[in-house]
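Heads up: the structure comes next, in structure tokens.
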Amino acid sequence: MRQRIALLVETALRTAHTSAEFVTDPLPSIIIGTPANQEHGDFSCNIAMQMAKGERKAPRQVAETIIRYLGNGNGLLLKTEIAGPGFINFFISPSAWQGALLEIESAGTDFGRTTTGAGKKIQVEFVSANPTGPLHIGHGRGAAIGDTICRLLGATGWDVTREFYYNDAGQQITNLALSVQARCLGIEPDDSSWPTDGYQGEYIKDVARSYLAKETVHADDRHVEALGDPHNLDAVREFAVACLRREQDLDLKAFDVHFDVFTLESELYRRGDVDAVVKSLAENGYTYEQDGALWLRTTEFGDDKDRVMRKTDGGYTYFVPDIAYHLNKWKRGFTRVINEQGSDHHSTITRVRAGLQALKCDIPQGWPEYVLHQMVTVLRAGEEVKISKRAGSYVTLRDLIDEVGRDATRFFFIMRKPDSQLVFDIDLAKEQSPDNPVYYVQYAHARICSIFENAAEKGHVAPLQPRPEQVAALTTPEELQLIKLLAALPDTVADAAQQFEPHRLTYYLTELAGCFHSFYNKNRVIGEDAALTSARLYLLARTAQILKNALTILGISAPERM
RNA sequence: GUCCUCUUAGCUCAGCUGGAUAGAGCAACAGCCUUCUAAGCUGUAGGCCGCAGGUUCGAAUCCUGCAGGGGACGCCA
């Protein structure tokens, strides 16, 4: 609907322009807003005020000219008004709103989807947890946000590649291997021979046990058979990585999160990508030797100090393969790349971008794009659950899904803007009450389904394709309000996708559910008047459809019974 | 000290990339079930949008300072 208004305004402006009514060139971009106050119509446009200065006319005068060229858009508009300092307010005719219901039905599960990204590739990297332990609650938020962004982008037509990157060869992995090896040999964390910085969690014991039992593990991206020999550190490492990768895969599957591509840091080394990047950076004159290390002049690109690329021990620091990895993404043809990460890793942004600029291969300055999420604190019985890695007492993603369920976990992780901190109240998430937004929304869907069961018993069936005079029976403010919200789904999805802000859709759903519950309490659906009954059943069928469409985009189920 | 981020009702948070009288949910108070799921609804009350400047027709929103919370400042990832 908003798109249509924008189009109307654009045509009006163009016609007025060719008729030499306006001198402004180029015309400013048209922004259609939705007024907070109902008296100001369904949509509004501020363009007259934007143009007033260039036109050297009063805003209201400019607005008058625009309206003169506007027409009524084939019956779409009931009326237009000039209001306040120069707003143009649009009032959509009730028949246009009623007609929207028919469009919603014919679009079916596609209603809400748009085509802005059609034919364009985009890559989203998220989670990217190293295989050194189970996924924790922070990864959970990243998984939920990243996955939902992918779903949103998919819903707006983009060809999305979901990617997971991990380090399978660094010092942390060696620590992991040493820890498993120690457990194999019966060494305890308190023993003097326990490796420094070893991983002490219980899961390490499980890995050691499986290794000694010569088990075979299948992860999404690797299959490894245990040799059973604790002294073969490389074999232990291979096996441990596979084990932990498999655990992560299981967690992610339980969360209904899937990846198209796994990229391994070791691959970048093996293929020579890392060396090639170092060579290129050196040739471009952005490196220098100092204190036995090789440095990159990241300060040339806005960093506050230069960074070490190659340590005195000869190994590269983590951001060097990171640069190689992103060059690889670029070479694969992704002109748009989004990295979803915890905000505690924000310092890598400058380094990776600086490295890519220093390669001098025409990568845009702001590439890749980042979505950073803030910390999660867990609340149980009103108390913050303290995270203690030593005791291994931190809340894992799996614990959370097992305890509160996948739907609630997903909903809670995305219901706040990524860059604001999130309080995850476990008790609330489990609660089956209207205080819990997930239940509130799902209940609306279940309630409608229940009404339909009831209607069927009484012999009512919602008309599949109602005649115009039937939908025309939907005239109360509650009915029109509900229709307006239903029709707003495509705009909401498009905005959420463009801004990488999944929470917009959870807010939309809460509002829609509220609007339905409100309607339900005020109006009887199944009544004496057969025509009105079938019109209202039709409205509710569309409401259930929209609830389901939106929930599906979020990866959350729409139960028919609760 | 430097960088990032946040600061909106008692609490948890929205605020549609600068618009009109700043919203929702919880908590508080007052109401609504012989009727399609009360797992729901209606109403009341509650605000120096952290502070101070600036930009312009117009600022919660953009810019600059300041204060406070969180995070990052490693030859870890």
Side-chain angles (χ1 to χ4, degrees), chain A residues 2 31-37 39-40 44 46 49-50 52-53 58-59 83-87 89 128-130 132 166-167 170-172 197 265 291-295 302-305 307-319 321-322 342-350 372 374-375 377 415-417 419-423 425 428 431-437 439-440 442-444 446-455 457-458 460 488 491-492 495-496 498-499 501 503-504 506-508 510-511 513-514 516-527 537 540 561-562:
Chain A
R2 198 175 61 185
I31 295 162
I32 304 296
T34 54
N37 189 335
E39 286 166 28
H40 295 139
S44 69
N46 62 358
M49 290 179 282
Q50 309 265 11
K53 204 169 199 177
F87 291 103
N89 291 337
S128 291
N130 284 341
T132 54
Y166 69 93
N167 175 355
Q171 187 55 45
Q172 288 189 20
D197 301 325
E265 188 179 3
D291 305 328
L294 184 69
W295 297 68
D303 204 352
D304 50 0
K305 51 181 149 179
R307 305 290 169 176
V308 168
M309 293 171 62
R310 193 176 58 225
K311 300 177 278 183
T312 46
D313 71 4
Y316 291 113
T317 52
Y318 71 93
F319 81 97
D322 246 24
S343 62
D344 54 341
H345 284 60
H346 80 89
S347 55
T348 66
I349 299 176
T350 317
L372 303 178
Q374 292 282 333
M375 285 185 61
T377 49
M415 73 180 176
R416 304 285 179 235
K417 202 168 24 176
D419 59 12
S420 63
Q421 293 178 31
L422 174 71
V423 177
D425 185 333
L428 178 62
E431 212 171 286
Q432 308 210 347
S433 80
D435 297 353
N436 181 347
Y439 279 87
Y440 184 76
Q442 289 183 321
Y443 174 57
R447 200 176 210 184
I448 293 173
C449 293
S450 153
I451 293 170
F452 272 98
E453 270 186 34
N454 198 287
E457 281 171 23
K458 292 182 180 159
H460 294 284
D491 291 336
T492 308
D495 286 346
Q498 197 206 340
Q499 304 296 324
E501 291 183 339
H503 74 282
R504 293 185 188 228
T506 61
Y507 273 89
Y508 169 82
T510 309
E511 193 186 351
F516 158 71
H517 287 309
S518 199
F519 165 80
Y520 173 90
N521 268 271
K522 274 198 195 127
N523 302 281
R524 190 113 195 128
V525 177
I526 302 164
L537 283 173
L540 289 203
R561 200 173 285 207
M562 292 173 74

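Keep in mind it's a predicted model, so treat the numbers as computed, not measured. Only heavy atoms go into these numbers, but all of them, side chains included; no hydrogens, no water, no symmetry mates. Throughout, protein chains are lettered first and strands after them, A, B, ... in sequence-line order, and every chain is numbered starting at 1.
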Expressed in angstrom and rounded to an integer, what is the separation of [X] atom [atom1] from [N] atom [atom2]?
X: A/Asp435; N: B/C26; atom1: CG; atom2: P; value: 6 Å
X: A/Leu372; N: B/C6; atom1: CG; atom2: P; value: 11 Å
X: A/Asn454; N: B/U35; atom1: CG; atom2: P; value: 13 Å
X: A/Asp303; N: B/G74; atom1: CG; atom2: P; value: 11 Å
X: A/Tyr439; N: B/C26; atom1: OH; atom2: C1'; value: 19 Å
X: A/Phe519; N: B/C36; atom1: CZ; atom2: C1'; value: 11 Å
X: A/Lys305; N: B/C73; atom1: NZ; atom2: P; value: 9 Å
X: A/Glu511; N: B/G23; atom1: CD; atom2: C1'; value: 10 Å

Tell me every residue that passes side chain to side chain donor-acceptor pair (under 3.5 Å) with [X], counting only those two or more places apart in sequence or in another chain.
X: A/Arg447; result: A/Tyr443, A/His517
X: A/Glu511; result: none
X: A/Tyr507; result: A/Arg416
X: A/Gln498; result: none

Among B/U21, B/C16, B/A72, the nucleotide that comes nearest once only the side chain of A/Asn37 is considered: B/U21
Listed nucleotide nearest any side-chain atom of A/Asp419, set B/U5, B/U2, B/C36: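 Minimum distance to the A/Asp419 side chain belongs to B/U5.
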Expected output: side-chain A/Asn89 to main-chain A/Ser44 donor-acceptor under 3.5 Å: no
Donor-acceptor pair under 3.5 Å, A/Asp304 side chain vs B/A72 base: no
Listed partners of A/Asn454 passing side-chain contact (heavy atoms from CB on, under 4.5 Å), at least two apart: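 Listed in chain order: A/Lys458, A/Ile526.
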Contact letters for nucleotides 56-61 of chain B, in which S counts primed atoms plus P, OP1 and OP2 and B counts the base, heavy atoms under 4.0 Å: -B----
N/O (side chain, A/Tyr440) to phosphate O (OP1/OP2, B/A38) under 4.0 Å: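 Indeed not, no polar side-chain atom of A/Tyr440 lies that close.
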ring-ring contact (aromatic ring centres under 6.0 Å, His included) against A/Phe519, all qualifying residues, sequence neighbours excluded: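 Here no residue qualifies.
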Test ring-ring contact (aromatic ring centres under 6.0 Å, His included) applied to A/His40 - qualifying residues, sequence neighbours left out: none
For nucleotides 11-15 of chain B, which of its nitrogen or oxygen atoms have a protein nitrogen or oxygen under 3.5 Å away, and what is each distance?
residue : atom : partner  : partner atom : Å
B/U12   : O2'  : A/Arg416 : NH2          : 3.0
B/C13   : OP1  : A/Gln421 : O            : 3.3
B/C13   : O2'  : A/Arg416 : NH1          : 3.0
B/C13   : O2'  : A/Tyr507 : OH           : 2.2
B/A14   : OP1  : A/Lys417 : N            : 2.9
B/A14   : OP1  : A/Ser420 : OG           : 3.1
B/A14   : O4'  : A/Tyr507 : OH           : 3.4
B/G15   : OP1  : A/His503 : NE2          : 3.1

With the criterion being N/O to N/O and under 3.5 Å, what pairs connect the protein with nucleotides 75-77 of chain B, and how long is each?
residue : atom : partner  : partner atom : Å
B/C75   : O2   : A/Thr312 : N            : 2.9
B/C75   : O2   : A/Thr312 : OG1          : 3.0
B/C75   : N4   : A/Asp291 : O            : 3.2
B/C76   : OP2  : A/Lys311 : NZ           : 2.9
B/A77   : OP2  : A/Tyr318 : N            : 2.8
B/A77   : O4'  : A/Gln172 : NE2          : 3.3
B/A77   : O3'  : A/Asn167 : ND2          : 3.3
B/A77   : O2'  : A/Asn130 : ND2          : 2.9
B/A77   : N6   : A/Tyr318 : OH           : 3.0
B/A77   : N3   : A/His345 : NE2          : 3.0

Consecutive Watson-Crick or G-U pairs in runs of at least 3, all under 3.5 Å, in which RNA chain B is involved: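 Counting only runs of 3 or more consecutive pairs, the stems involving RNA chain B are B:1-7 with B:67-73, B:10-13 with B:23-26, B:28-32 with B:40-44, B:50-54 with B:62-66.
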Contact class for [X] (heavy atom, under 4.0 Å): base, sugar-phosphate, or nothing?
X: A/Asp197; answer: nothing
X: A/Ala83; answer: base
X: A/His517; answer: sugar-phosphate

Expected rows: protein N/O vs nucleotides 42-51 of chain B N/O, under 3.5 Å:
residue : atom : partner  : partner atom : Å
B/U42   : OP1  : A/Ser518 : OG           : 2.8

Interatomic distance at P, B/A14 relative to B/A24, whole Å: 16 Å
Note: A/Lys311-A/Asp291 ion pair, threshold 4.0 Å (strictly below):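 A salt bridge is absent here (no side-chain N lies under 4.0 Å from a carboxylate O).
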